[in-house]
There are 2 protein chains.
Amino acid sequence: MAAVAYKINKEKLEKAAFILKTVAHPTRLAIVDLLSIQERLSVNEICTILECEQSLLSHHLINMKLKGILRSEKDGLNVFYSLKERDVTKLIECIENCNCNF
Amino acid sequence: MAAVAYKINKEKLEKAAFILKTVAHPTRLAIVDLLSIQERLSVNEICTILECEQSLLSHHLINMKLKGILRSEKDGLNVFYSLKERDVTKLIECIENCNCNF
DNA sequence: TTTAAATATGAATAAACAATCATATATTTG
DNA sequence: CAAATATATGATTGTTTATTCATATTTAAA
């Protein structure tokens, strides 16, 4: 990285790329989307709503948790997931608001 | 997809995931970032600024063009790239504005 | 105290991506 | 037209990521 004044610095770009990558998947986007309306949802609830196979969903959820996008709390048999950083929602809002015809 | 009223529909989620995925890479984000300040830049200019190997950069650029994020126009020896949808910038702005400590 | 329900785990495979390299093509200029 | 410059292409390889499946773990309840 060199020569020109950057709007965003390298570190920020890398972080952004990292989170975008984590979220750039239909199912995972849908999860973030859901959790931006629903505060917290159990694996099962998400599973039902998204019609996603349980273990696959688990993989997604755990991955997103690992990468700092979700948090989870156990309550009896259930595990509830929620957005860790409410800020992730901004991304979603962005996508919504943008009438972009990509 | 079922049962619950969705904030974003499936198709939109898929499109969003698609574009996010395309952009979710440090170099490609940097390219979008650059082009959100610079209107148009030649491959060489981008190459120099980002210190990215020429053919690798070409691959990235062509890929992003293919996916509808960039456009290009040839001018003599040079090929100038620019953002196709100015809207992509919104994403970047989002990332900038979000003081998110992901 | 067995059974069922919810979730997680891990291995295995397949598919997508990133990077590198060598080379091709097109354009300009001497 | 030969050389130089800018860009593109394509094959190859290595790395990540996605999906599936079978099974383990934990908790609750009959």
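Here is the naming used below: chain letters follow the sequence lines, and residue numbers restart at 1 for every chain. Only heavy atoms go into these numbers, but all of them, side chains included; no hydrogens, no water, no symmetry mates.
- Checked against B:Tyr81 for a side chain to side chain contact (heavy atoms under 4.5 Å, CB included), the options B:Leu34, B:Val43, B:Leu41 give a single hit: B:Val43.
- Closest-nucleotide positions on DNA chain D for B:Ser72 and A:Asp75 were compared, and the one nearer the 5' end corresponds to B:Ser72.
- Between B:Leu61 atom CG and C:dA19 atom P there is a gap of 13 Å when expressed in whole angstrom units.
- At least one side-chain nitrogen or oxygen of A:Asn44 sits closer than 4.0 Å to the OP1 or OP2 atom of C:dT7.
- Between the CG atom of B:Leu57 and the P atom of C:dA18 there is a distance of 14 Å, rounded to whole Å.
- Between A:Ile31 and A:Leu57, some side-chain heavy-atom pair lies under the 4.5 Å cut-off.
- Within 4.0 Å of B:Ser42, counting heavy atoms only, lie sugar-phosphate atoms of the nucleic acid but no base atom.
- Residue B:His25 places at least one side-chain N or O under 4.0 Å from the OP1 or OP2 atom of C:dA19.
- Under the 3.5 Å distance criterion, the side-chain polar atoms of B:Arg28 are matched with a main-chain donor or acceptor of B:Thr22.
- Listed candidates were D:dA8, C:dA19, C:dA8. Nearest to the side chain of B:His60 is C:dA19.
- Each of B:Lys74 and B:Asn63 was assigned the nucleotide of DNA chain C with the nearest heavy atom; the assignment lying further toward the 5' end belongs to B:Asn63.
- Summarising the geometry, the separation between CG on B:Leu77 and C1' on D:dA6 is reported as 5 Å, rounded to the nearest angstrom.
- Residue B:His59 has its side chain nearest to C:dT20 when only C:dT20, D:dA6, C:dT9 are considered.
- One atom, CG of A:Leu29, and another, P of D:dA18, lie 12 Å apart when rounded to the nearest Å.
- Counting any heavy atom pair closer than 4.0 Å across all strands shown, B:Ile62 reaches sugar-phosphate atoms only and no base atom.
- Within the 4.5 Å cutoff, the side chain of B:Ile19 has no heavy atoms near those of the B:Lys67 side chain.
- In this entry the distance linking CE of A:Met64 with P of C:dT7 reads 16 Å, nearest Å.
- Computed from coordinates, the B:Leu66 CG to D:dG10 P distance equals 12 Å when rounded to whole Å.
- Spacing between atom CD of A:Glu53 and atom P of D:dT23 amounts to 14 Å, rounded to whole angstrom units.
- Contact of the A:Gln38 side chain with the A:Glu45 side chain is not registered, since no non-hydrogen atoms from C-beta on lie closer than 4.5 Å.
- For a distance-only test at 3.5 Å, the side chain of B:Gln54 fails to qualify as a donor-acceptor partner of the base of D:dA6.
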Point to revise | Derivation of the side chain to side chain contact (heavy atoms under 4.5 Å, CB included) call for A:Leu56 and A:Thr27 | key: CA-CA 10 Å; A:Leu56 178 52; A:Thr27 303; over 6 Å; no
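- Regarding contacts with the backbone of D:dA6, every side-chain N or O of B:Tyr81 stays at 4.0 angstrom or more from both OP1 and OP2.
- Counting only heavy atoms from C-beta on, B:Ser55 has its side chain closest to C:dC21 among C:dA26, C:dC21, D:dA8.
- In terms of phosphate contacts, B:Asn78 brings no side-chain nitrogen or oxygen within less than 4.0 Å of OP1 or OP2 of D:dA6.
- Within the 4.0 angstrom heavy-atom criterion, only backbone atoms of the sugar-phosphate kind lie near A:Lys21; the bases stay farther away.
- Side-chain atoms of A:Leu56 lie closest to D:dT20 of the nucleotides D:dT26, C:dA19, D:dT20.
- Atom CD of B:Glu73 and atom P of D:dT7 are 13 Å apart (whole Å).
- Across all strands shown, A:Phe80 has no heavy atoms under 4.0 Å from either base or sugar-phosphate atoms.
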